[in-house]
Number of protein chains: 2
Amino acid sequence: MAEEKRGNAGFGAGVPELLILRLLQEREMYGYEIVQAIGRATQDVVTPGEGVIYPLLHALEKDGALRAEPRPAGGRTRIYYTLTSRGVRRLFELSDDWSRLARAVQLVLRA
Amino acid sequence: MAEEKRGNAGFGAGVPELLILRLLQEREMYGYEIVQAIGRATQDVVTPGEGVIYPLLHALEKDGALRAEPRPAGGRTRIYYTLTSRGVRRLFELSDDWSRLARAVQLVLRA
DNA sequence: CCATATACCTTGTTAATCGATGTATTATAC
DNA sequence: GTATAATACATCGATTAACAAGGTATATGG
């Protein structure tokens with residue numbers, strides 16, 4: 001049983017990305033807002049800093065999963081992000097991956 | 001390496017370590033056996049290679065979480081690992097961390 | 001005798017995340 | 001009124017988990 005193509009892209013990895021996509025599915029948000037929203041939504045279990053979120057947003061936008069729309073707000077500029085159809089697909093993928101992983105681990109823990 | 005570096009050591013991270021500790025809680029095993037056991041226990045959802053497992057076993061042993069006992073088996077030597085009390089404590093910690101993370105993520109996904 | 005499975009090991013690389021830092025503006029507190 | 005905190009963007013270096021790929025050696029079934 002050799003010769004198996006495994007595309008293991010890392011375990012549990014990608015949680016911040018998954019949460020970004022999931023939260024943006026509900027409503028558009030700007031980066032700084034997302035940082036707070038993740039902490040709030042997870043009751044501070046997951047609290048990625050701006051150094052995690054901003055680069056992720058840029059990568060996701062470059063990848064076509066998000067659309068970015070700068071909007072002046074007061075004297076500053078907020079960059080609002082919305083999910084593209086590609087982003088929705090990506091969300092489903094990651095969500096699925098996570099569920100499978102979580103189920104597998106839980107299975108072992110409660111064995 | 002600090003032994004009490006709790007906090008945000010990365011999300012989802014530590015799944016292979018968690019599974020090693022959990023499986024060794026059931027019965028002692030040798031390295032190669034653990035590699036197969038993880039795949040079987042998770043239905044091939046999680047399949048860390050030997051390049052992941054062996055270094056982890058060494059680190060855990062060095063950290064006092066595991067005790068290693070080499071035993072001749074046929075013409076080779078198998079190194080059997082057992083949990084120490086420290087290892088049990090570590091298992092509970094990681095297990096707890098994982099549960100909290102899984103609960104938090106699931107919460108957001110199903111919101 | 002040769003391929004495969006067993007059983008150990010290490011090393012180099014990538015990718016995710018962290019922590020710190022930087023710039024600028026606006027709201028607040030004193 | 002001016003220090004300070006909060007908002008809002010950004011990047012950069014360090015750390016670390018995990019992976020892929022290799023290496024050694026013995027046992028076993030064709």
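Lettering of chains follows the sequences in order, A, B, ..., and the numbering in each one begins at 1.
- Here the C1' atom of nucleotide D:dT7 and the CD1 atom of A:Ile53 are 16 Å apart, to the nearest Å.
- To the nearest angstrom, C1' of C:dT6 lies 17 Å from CZ of B:Arg71.
- Atoms CD (A:Gln36) and P (D:dT7) sit 6 Å apart, rounded to a whole Å.
- Under the 4.0 Å criterion applied to side-chain N and carboxylate O atoms, A:Arg71 and A:Glu69 are assigned as salt-bridge partners.
- Just one residue in the list B:Leu18, B:Leu19, B:Val15, B:Ile20 forms a side chain to side chain contact (heavy atoms under 4.5 Å, CB included) with B:Leu94, and that residue is B:Leu18.
- For the pair A:Asp63 CG and C:dA15 P, the computed distance is 13 Å after rounding to whole Å.
- Scored by the side chain to side chain contact (heavy atoms under 4.5 Å, CB included) test, B:Arg27 finds B:Met29, B:Glu33 as partners (sequence neighbours excluded).
- Distance A:Ile34 CD1 to D:dT7 C1': 15 Å, rounded to the nearest Å.
- The closest side-chain donor-acceptor pair between A:Gln106 and A:Arg103, if any, does not fall under 3.5 angstrom.
- Judged by closest nucleotide on DNA chain C, A:Gly49 is the one of A:Gly49 and A:Gly75 placed further toward the 5' end.
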For nucleotides 8-13 of chain D, just jot down a letter per nucleotide in 5' to 3' order: B, S or -, based on protein non-hydrogen atoms under 4.0 Å. BBBB--
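- Residues that satisfy the salt bridge (charged side-chain N to carboxylate O under 4.0 Å, His left out) test with A:Glu50, not counting sequence neighbours, are absent from this structure.
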